[in-house]
> 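Take a look at this one; I'll ask things after.
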Amino acid sequence: MKFPSLFSPLKVGPYQLQHRVAMAPLTRMRADRSSFAPRPLNAEYYAQRATPGGLLIAEASPVMVTGRGNPGTPGIYSEAQIAGWRGVVDAVHAKGGLIFLQLWHVGRVSHSSFQPGGALPVAPSAVPITGEGMLAMTADGKMVPYETPRALESEEVGHVVAAFRQAAANAKQAGFDGVEIHGANGYLLEQFLQSRTNLRSDQYGGSIENRARLLLEIAQAAIEVWGAGRVGVRLSPYGVANGSGEAEAMPLYSHVVKALDSLGLAYLHFIEPRSSGAGRAEVNWQNVPSAMVLFRPIWRGVLIAAGGFTGETAEAAIAQGHADAVAFGRIFISNPDLPRRLRDGFPLTPYNRATFYSGEAVGYTDYPVHDGMATA
Ligand SMILES: Cc1cc2nc3c(=O)[nH]c(=O)nc-3n(C[C@H](O)[C@H](O)[C@H](O)COP(=O)(O)O)c2cc1C
């Protein structure tokens with residue numbers, strides 16, 4: 001066996017994983033374009049990647065309309081979306097797989113064309129995303145400069161917590177095995193965490209404790225729906241995606257990780273800073289810290305690491321105790337049978353970035369499984 005640690009069982013909450021090759025959450029923008037409900041094509045895609053006792057984390061799904069920022073992303077706030085997800089979940093379960101849903105609000109990473117009544121996107125504070133090459137996608141797929149978002153009123157922050165709670169309940173109704181809260185990549189919850197995007201003076205801004213409050217309230221709400229063992233959280237400390245970046249990352253994330261640790265979650269999921277922004281471009285940042293190495297000592301639960309892993313580096317991370325499982329993104333897109341290819345040492349099919357976001361079956365469900373013949 002080439003990767004004995006990667007292919008050893010792992011307990012995650014109440015679940016017994018048979019291996020530690022997880023599928024990272026991957027936005028693919030192929031839901032129904034008017035209802036934003038998943039459809040049979042999406043069920044086929046996830047089922048292709050399901051393995052007995054393998055964990056899939058389904059793509060980020062907006063919990064409410066203001067949380068949308070991309071065309072064709074599936075939601076989890078309507079009956080049609082719940083029904084659509086039920087089809088996906090059933091197809092994954094039929095193959096013995098486990099599937100969590102990533103709960104999402106994009107905050108300022110949106111455009112008024114997605115918002116009810118054409119209103120401005122919402123955020124902790126009225127701070128737009130700026131910088132070279134930073135462009136918003138409109139509902140009809142054009143790239144334009146970001147607008148200045150509108151700061152949420154204090155009572156509206158409570159509505160966001162309520163929407164995450166309802167979305168967690170909707171995910172349960174759809175039959176998921178758990179939920180992952182998207183606290184990474186510069187989206188709403190990370191905008192609240194970080195001082196460059198959170199200039200608030202109410203109980204959700206200012207001190208580290210206040211900036212972490214929204215994420216922790218949402219984690220608590222999800223736990224009330226699911227129990228702690230079926231709730232995960234994803235974070236990207238030292239990340240730079242979507243204009244994010246915290247000057248004082250260590251104190252902020254130490255506080256967040258310790259606070260989450262006390263909740264007894266299913267897992268904590270880190271994106272390694274070296275691959276921050278991998279959704280938009282091929283990046284491999286040099287001389288950046290490793291999130292799993294930095295924060296493992298203060299996290300007692302299951303730790304999932306993601307970002308630029310190969311079979312070899314995943315095996316090493318687990319064998320050295322830095323992580324318990326590894327989530328693979330881009331190479332899981334192009335290798336539906338990724339766990340088997342890693343286990344049996346089969347070569348990997350390269351991915352085609354041009355078909356990551358939007359489209360139909362091409363670049364989605366048409367990547368081949370390996371024929372099982374050993375190559376020289
Ligand atoms: C096409 C694409 C879509 C992504 N969508 C999401 C997403 O919905 N939620 C999320 O947390 N990360 C998302 N990411 C980040 C991945 O989950 C992962 O962290 C990143 O690709 C690095 O892992 P990799 O090197 O194995 O690809 C996306 C990345 C890509 C390439």
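As the structure is a prediction and not an experimental result, all values here were calculated from the model. As the structure lists them, so they are numbered: ligands from 1, and atoms in each ligand from 1.
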> Examine Tyr367 together with Tyr351 and report whether their ring centres are nearer than 6.0 Å.
no
> For atom CD of Glu155, is the number of surrounding heavy atoms from other residues, nucleotides or ligands below 6.0 Å larger than 12?
yes
> May I ask you to check if ligand 1 and Ala24 share an N or O to N or O distance below 3.5 Å?
no
> With atom 21 (O) of ligand 1 as the reference point, say which of Ala278, Ala314, Ala58, Gly277 has the nearest heavy atom.
Ala278
> Looking only at protein heavy atoms, which one is nearest to atom 10 (C) of ligand 1, and how far off is it?
Arg234 NH1, 3.1 Å
> I'd like to know if the side chain of His93 pairs up with that of Asp177 as donor and acceptor (distance under 3.5 Å, no hydrogens or angles considered).
yes
> Quick test: of every protein heavy atom, which one is nearest to atom 5 (N) of ligand 1, and how far off is it to 0.1 Å?
Thr27 N, 2.8 Å
> Please confirm whether Phe176 and Phe100 have ring centers closer than 6.0 angstrom.
no
> Do Asp140 and Thr138 meet the criterion of a side-chain donor-acceptor pair at a distance under 3.5 Å?
yes
> Closer than 4.0 Å to some heavy atom of Gly279 - which atoms of ligand 1 meet that?
29 (C), 30 (C), 31 (C)
> Is ligand 1 under 4.0 Å from a heavy atom in the side chain of Ala60, in the backbone, in both, or in neither?
both
> Which of the atoms of ligand 1 are close to Phe328, meaning less than 4.0 Å from one of its heavy atoms?
26 (O)
> Would Ala306 count as a polar contact of ligand 1, with the cut-off being nitrogen or oxygen pairs under 3.5 Å?
no
> Are Phe332 and ligand 1 in contact, using a heavy-atom cut-off of under 4.0 Å?
no
> Give a yes/no on ligand 1: does Gly307 have at least one heavy atom closer than 4.0 angstrom to it?
yes
> Is a donor from one side chain sitting under 3.5 angstrom from an acceptor on the other, for Ser236 and Glu190?
yes
> Would you say Arg330 and ligand 1 have an N/O pair spaced under 3.5 Å apart?
yes
> Side chain or backbone of Asn185 under 4.0 Å from ligand 1, or both, or neither, by non-hydrogen atoms?
side chain
> Among all protein heavy atoms, pick out the one at the shortest distance from atom 26 (O) of ligand 1; state its residue, atom name and that distance to 0.1 Å.
Gly329 N, 2.8 Å
> If the threshold is 4.0 Å, N to carboxylate O, is there a salt bridge linking Glu217 and Arg165?
no
> Which atoms of ligand 1 are found less than 4.0 Å from any heavy atom of Ser275?
22 (C)
> Using side-chain heavy atoms (C-beta onward) and a distance below 4.5 Å, is Leu189 in contact with His182?
no
> Using a distance-only test with no angle check, is there a side-chain donor-acceptor pair under 3.5 angstrom linking Glu59 and Tyr45?
no
> For ligand 1, which is the ligand I care about here, please tell me if Gln102 has any N or O atom under 3.5 Å from one of the ligand's N or O atoms.
yes
> Side-chain donor-acceptor pair under 3.5 Å between Asp324 and Tyr267, yes or no?
no
> Can you tell me the protein heavy atom closest to atom 14 (N) of ligand 1 and the distance?
Pro25 O, 3.6 Å
> Give the residue, atom name and distance (to 0.1 Å) of the protein heavy atom nearest atom 2 (C) of ligand 1.
Tyr357 OH, 3.3 Å
> Cation over ring, Arg68 on Phe36, under 6.0 Å and within 45°?
yes
